[in-house]
Novice: 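Would you mind keeping the following structure in view while I ask a few things?
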Amino acid sequence: MPKFYLTTAIDYSNGDPHLGHALEKVGADCIARYRRLRGDAVHFVMGMDEHSQSVIQAAARGGVAPQEWVDRMAARFAGFWRRLECSNDDWIRTTEPRHARAVTELLRRIEAKNPDDLFVAEYEGLYCTGCEEFKSESQIVNGHCIEHPTLELVPTRERNHFFRLSAYRDRVLEAITSGAFRVEPAIRRNEVVRLLESGLQDISVSRVRQPWGIPFPGDAEQTVYVWFDALINYLAAAGFPGAGYERLWPADLHVVGKGITRFHCVIWPAMLIAAGIELPREVWAHGYVQWEGTKMSKTAGTAVTLDDAIARHGPDPLRYFLLREVGFEADGNFSWERYDERYTADLADGLGNLASRGLQMIVKYRGGVVPDGGPTSLDAAGAEAVERYAQAMDALDLRAGAEAAWGLVGAANLYVQTTAPWSLAKAGRETELDGALAAVARALYRLAVLASPFMPGKARELWSDLGQPGDAAAADWASLGHPPVSGRTVAKPAGLFPKPLPT
RNA sequence: GGCAGGGUAGCUCAGCUGGUUAGAGCACGGCACUCAUAAUGCCGGGGUCGCGGGUUCGAGUCCCGCCCCUGCUACCA
């Protein structure tokens with residue numbers, strides 16, 4: 001059984017998660033669930049980045065100590081991911097001892113293996129005394145910090161530890177172009193390759209005046225810079241440096257947002273090469289959720305809250321909408337109108353109604369017991385949908401995967417309309433009726449399984465309505481060839497996706 | 001500015017190495033059906049394929065120019 005170690009970015013503990021965070025977690029979860037269906041031993045990790053400067057500020061605003069603040073935020077984030085049925089096997093927080101151990105050890109290994117690549121130098125920049133941090137050009141407007149426009153920025157130099165990133169350009173570039181380290185989708189790979197080709201600067205990897213962080217080994221005055229710290233969570237969660245961490249490492253897939261590809265595709269591999277550790281197999285950088293075509297920003301207050309989005313139709317429809325309509329590659333839009341349209345068309349009138357009519361016919365004409373029947377044209381459509389679905393999902397094209405699965409809904413509705421079981425019943429054509437009802441049950445079985453990575457809860461409901469034991473998520477992939485539905489007693493469906501819509 | 005990607009029906013998108021009347025889903029209109037969540041099926045209206053040139057027997061699909069949008073342009077999870 002091949003292992004599949006999958007991670008999401010760990011989130012800053014500075015505010016509630018929004019739809020953008022949700023897209024990433026739900027997308028990664030969909031991949032994790034699909035890999036499990038295919039028989040992989042999946043290890044799926046999510047977590048929190050708790051050492052950032054913004055944490056200290058947020059904690060101060062909240063009037064609590066940093067640790068209390070991050071504990072609170074971690075619980076909040078985890079609560080949302082549980083509501084969205086994320087199936088992560090682990091939850092790592094950078095304030096945990098296991099993480100600090102990994103960070104310390106990674107630095108030690110770089111030091112041991114490439115002593116010249118960690119060095120001390122002066123960092124010079126504009127320091128904001130309000131934020132207590134250096135500001136980059138993009139954070140400065142009219143010569144002042146965006147957040148503290150009344151304060152003067154102070155030109156400051158400090159002694160920092162640096163990582164000789166520039167020394168790793170060729171090796172990182174080679175890993176990417178050779179395909180040993182895949183960066184997807186292609187647009188992100190192009191950006192990274194261009195960046196590498198244009199050359200790299202060394203980066204500072206420590207900070208002074210930052211009590212909230214991991215002490216830099218051998219230098220009590222400094223803490224490890226938050227980015228250098230955060231990336232190592234992937235290794236820490238695998239058990240590094242403990243014995244046997246190679247059972248999970250290298251990671252098969254890091255799912256991240258497009259805004260942080262540089263860290264994952266340039267700095268991270270360089271760090272690993274420097275320490276003599278294998279590179280992850282792949283980074284997938286998804287796009288952002290936009291609100292009716294514009295950037296969703298919590299500071300601008302335009303963002304719809306995750307709470308509201310979940311409340312509208314429940315967690316499963318939200319998962320479906322994010323992955324089917326917004327998409328996991330380029331940026332996509334969220335709007336209530338589109339959300340309602342998708343809900344009505346694809347879920348209530350589509351899958352929901354199909355389940356309803358199919359199951360009720362079995363109840364009405366066969367006392368709820370699925371009859372026997374040979375393969376039909378609907379099974380051919382089912383096999384084709386499964387094939388297209390697998391191809392798309394293997395390529396992490398979740399939108400196309402959902403499309404392939406829902407194509408089977410259309411095929412099944414057409415099949416029902418064409419065979420008209422109600423006419424067969426009236427005419428007493430029992431064998432044909434058996435065949436049609438069994439074919440529809442098989443389509444529903446396939447749909448429950450294919451839908452499970454997208455809508456685990458609803459798939460479970462449908463599975464149970466079909467009289468199947470256990471969970472659709474645990475179904476044997478091979479059973480999609482010949483779904484074992486005959487003889488099962490189906491339930492009169494309660495209605496998977498209720499209508500009318502809430503107002 | 002540089003680099004990258006994109007502009008195809010009201011909306012979301014598909015159209016591989018150029019080839020008959022440009023497609024799907026949703027939305028809209030009509031018809032049919034009744035097992036079903038007033039659901040489903042069929043038919044239909046609707047597109048100068050961003051604009052202008054060019055290559056070709058033939059271009060949404062290649063070349064040139066222009067317009068517009070988005071992303072990246074290093075320490076922003």
Side-chain angles (χ1 to χ4, degrees), chain A residues 8-14 20-21 24 47-49 52 54 94 123 125 134-139 160 162-163 165 185-205 207 225-228 230-231 233 256-264 266-267 287-288 290 293 295 324-327 330-333 335 337-338 341-342 344-365 399-400 403 406-407 409-410 412-425 436-437 440 493-500:
Chain A
T8 64
I10 52 177
D11 297 307
Y12 261 160
S13 306
N14 61 354
H21 294 97
E24 173 171 303
M48 301 294 292
D49 177 13
S52 71
S54 57
T94 57
Y123 180 88
F134 287 99
K135 290 290 159 182
S136 63
E137 217 172 289
S138 60
Q139 297 169 298
N160 285 145
F162 276 71
F163 173 57
L165 183 63
I187 179 172
R188 310 286 61 120
R189 181 174 59 247
N190 292 343
E191 287 172 5
V192 170
V193 167
R194 254 181 294 114
L195 171 69
L196 285 163
E197 285 170 348
S198 71
L200 298 177
Q201 291 172 19
D202 298 334
I203 55 171
S204 68
V205 296
R207 290 289 186 273
Y225 175 54
V226 60
W227 259 106
F228 207 80
L231 286 162
N233 90 85
V256 303
K258 66 179 184 183
I260 55 176
T261 51
R262 201 163 44 241
F263 298 96
H264 286 82
V266 178
I267 299 177
Y288 289 156
Q290 302 194 316
K295 194 167 274 184
R324 173 68 184 82
E325 173 90 5
V326 177
D331 293 352
N333 279 310
S335 75
E337 292 71 25
R338 286 298 289 173
E341 280 174 15
R342 279 282 179 197
T344 302
D346 295 3
L347 303 183
D349 296 351
L351 181 59
N353 182 244
L354 175 68
S356 179
R357 66 195 306 212
L359 295 171
Q360 281 195 47
M361 283 192 291
I362 292 167
V363 169
K364 186 167 184 170
Y365 300 129
R399 168 182 272 171
E403 218 176 315
W406 260 259
V409 173
N413 270 324
L414 180 55
Y415 178 81
V416 171
Q417 186 74 19
T418 311
T419 55
W422 50 92
S423 301
L424 298 174
L437 296 178
V440 173
L496 285 174
F497 304 100
K499 272 177 43 175

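Everything numeric here is computed off the predicted structure, so don't read it as measured data. In what follows, chains carry the letters A, B, and so on, assigned in the order in which the sequence lines appear, proteins first and then strands, with residues in each chain numbered from 1.
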Novice: In whole Å, what is the span from the CG atom of A/Asp346 to the C1' atom of B/rA24?
Specialist: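 Going from A/Asp346 (CG) to B/rA24 (C1'), I get 13 Å.
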
Novice: What nucleic acid atoms does A/Phe497 come within less than 4.0 Å of, heavy atoms only: base, sugar-phosphate, or nothing?
Specialist: base

Novice: Heavy atoms under 4.0 Å, any strand shown: does A/Ile267 hit a base, just sugar-phosphate, or nothing?
Specialist: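 Touches nothing.
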
Novice: With a non-hydrogen cut-off below 4.0 angstrom, is A/Leu359 in contact with a base, only sugar-phosphate, or nothing?
Specialist: nothing

Novice: Spell out, as yes or no, whether a donor-acceptor pair under 3.5 Å connects the side chain of A/Asp202 to the backbone of A/Phe162.
Specialist: no

Novice: Just by protein heavy atoms under 4.0 Å, how would nucleotides 3-12 of chain B read 5' to 3' in B, S and -?
Specialist: BS------BS

Novice: Within the structure shown, what part of the strands sits under 4.0 Å from A/Leu437 by heavy-atom distance: base, sugar-phosphate, or nothing?
Specialist: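 Answer is nothing: A/Leu437 stays at 4.0 Å or more from every strand.
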
Novice: A/Trp227 vs A/His264 aromatic rings, parallel, tilted or perpendicular, using cut-offs 30° and 60°?
Specialist: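 If you compare the ring of A/Trp227 with that of A/His264, the planes turn out perpendicular.
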
Novice: Is there side-chain contact between A/Asp49 and A/Asp11, with heavy atoms separated by less than 4.5 Å?
Specialist: no

Novice: Find out whether A/Val266 and A/Leu195 are in side-chain contact, i.e. whether some heavy atom of one side chain is under 4.5 Å from a heavy atom of the other.
Specialist: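 Yes, at least one pair of side-chain atoms sits under 4.5 Å.
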
Novice: Applying side chain to side chain contact (heavy atoms under 4.5 Å, CB included), name anything that partners A/Tyr415, two or more places apart in sequence or on another chain.
Specialist: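 A/Tyr415 satisfies side chain to side chain contact (heavy atoms under 4.5 Å, CB included) with A/Thr376, A/Ser377, A/Leu378, A/Thr419, A/Ala436, A/Ala439, A/Val440 once adjacent residues are dropped.
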
Novice: Distance check, P atoms only: B/rC57 and B/rG5, in whole angstrom units.
Specialist: 30 Å

Novice: Out of B/rG71, B/rC76, B/rU40, which has the shortest distance to the side chain of A/Asp349?
Specialist: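 Of the options given, the side chain of A/Asp349 lies nearest B/rU40.
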
Novice: Starting at CZ of A/Phe263 and ending at P of B/rC72, how long is that distance when rounded to a whole Å?
Specialist: 12 Å

Novice: Nearest to the side chain of A/Gln360, which nucleotide is it out of B/rU37, B/rA74, B/rU40?
Specialist: B/rU37

Novice: Which dot-bracket string fits RNA chain B when only Watson-Crick or G-U wobble pairs with both atom distances under 3.5 Å count, crossing pairs get [ ], and | stands for a partner on a different strand?
Specialist: (((((((..((((.....[...)))).(((((.......))))).....(((((..]....))))))))))))....

Novice: When you match A/Met361 and A/Ala9 each to their closest nucleotide on RNA chain B, which lands nearer the 5' end?
Specialist: A/Met361

Novice: Are side-chain heavy atoms of A/Gln360 and A/Ser356 found at a separation under 4.5 Å?
Specialist: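 Yes; the side chains approach each other to less than 4.5 Å.
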
Novice: Students often get this wrong, so: under 4.0 angstrom with heavy atoms, is A/Ala348 touching a base, only sugar-phosphate, or nothing?
Specialist: base

Novice: Would you mind telling me which of B/rA36, B/rA74, B/rU34 lies closest to the side-chain atoms of A/Trp422?
Specialist: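 Output: B/rU34.
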
Novice: Under 4.0 angstrom, heavy atoms only, what part of the nucleic acid is A/Asn353 near: base, sugar-phosphate, or nothing?
Specialist: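 If one applies the 4.0 Å heavy-atom cut-off, A/Asn353 turns out to touch a base.
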
Novice: Using the C1' atom as the reference point in each nucleotide, state the distance between B/rG10 and B/rG46 in Å, no decimals.
Specialist: 9 Å

Novice: Given that A/Gly410 and A/Val266 both sit by RNA chain B, which one's nearest nucleotide is further toward the 5' end?
Specialist: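 Looking at RNA chain B, the more 5' nearest nucleotide goes with A/Gly410.
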
Novice: Determine whether a donor-acceptor pair (N or O, by modelled atom type, separation under 3.5 Å) exists between the side chain of A/Arg342 and the backbone of A/Glu325.
Specialist: no

Novice: Is any side-chain heavy atom of A/Gln201 closer than 4.5 Å to a side-chain heavy atom of A/Leu165?
Specialist: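 The answer is no, as the side chains (C-beta and beyond) never meet within the 4.5 Å cut-off.
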
Novice: Counting the atoms with a prime plus P, OP1 and OP2 as sugar-phosphate, which does A/Gly47 contact under 4.0 Å by heavy atoms, base, sugar-phosphate, or nothing?
Specialist: nothing

Novice: Strictly below 4.0 Å, N to O, side chains only: are A/Glu197 and A/Arg194 in salt-bridge contact?
Specialist: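 So A/Glu197 does not pair with A/Arg194 through a salt bridge.
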
Novice: With heavy atoms under 4.0 Å as the rule, sort A/Lys364 into base, sugar-phosphate or nothing.
Specialist: sugar-phosphate

Novice: Under 4.0 Å between any heavy atoms, over every strand shown, what does A/Gly352 touch: base, sugar-phosphate, or nothing? Just pick one.
Specialist: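 A/Gly352: base contact, heavy atoms under 4.0 Å.
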
Novice: Would you mind reporting whether A/Lys258 and A/Asp331 have side-chain heavy atoms less than 4.5 Å apart?
Specialist: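 SC-SC contact between A/Asp331 and A/Lys258 confirmed.
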
Novice: What's the CG-C1' distance between A/Asn413 and B/rU37, to the nearest Å?
Specialist: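 Roughly 12 Å, once rounded to whole Å.
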
Novice: Choose from B/rG71, B/rC35, B/rA36 the nucleotide whose nearest atom is closest to any side-chain atom of A/Lys258.
Specialist: B/rG71

Novice: Given atom OH of A/Tyr415 and atom C1' of B/rA39, what is their separation to the nearest angstrom?
Specialist: 20 Å

Novice: Considering only the C1' atoms, how many Å lie between B/rU21 and B/rC26, rounded to the nearest integer?
Specialist: 25 Å

Novice: Give a yes/no on whether any side-chain N or O of A/Tyr225 is located under 4.0 angstrom from OP1 or OP2 of B/rC76.
Specialist: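 The answer is yes; a side-chain N or O of A/Tyr225 sits under 4.0 Å from OP1 or OP2.
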
Novice: May I ask you to say what A/Ile10 touches in the nucleic acid, namely base, sugar-phosphate or nothing, with a heavy-atom cut-off under 4.0 Å?
Specialist: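 Counting heavy atoms under 4.0 Å across all strands, the contact made by A/Ile10 includes a base.
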
Novice: Which nucleotide, B/rU70, B/rC76, B/rU40, lies nearest any side-chain atom of A/Arg357?
Specialist: B/rU40

Novice: Is A/Trp422 close to A/Met361 at the side-chain level, that is, under 4.5 Å between some pair of heavy atoms?
Specialist: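 Heavy-atom side-chain distance check passes, below 4.5 Å.
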
Novice: Would you measure the distance from the P atom in B/rG15 across to the matching atom in B/rG58 and give it in whole Å?
Specialist: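 Taking atom P in both B/rG15 and B/rG58, they lie 27 Å apart.
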
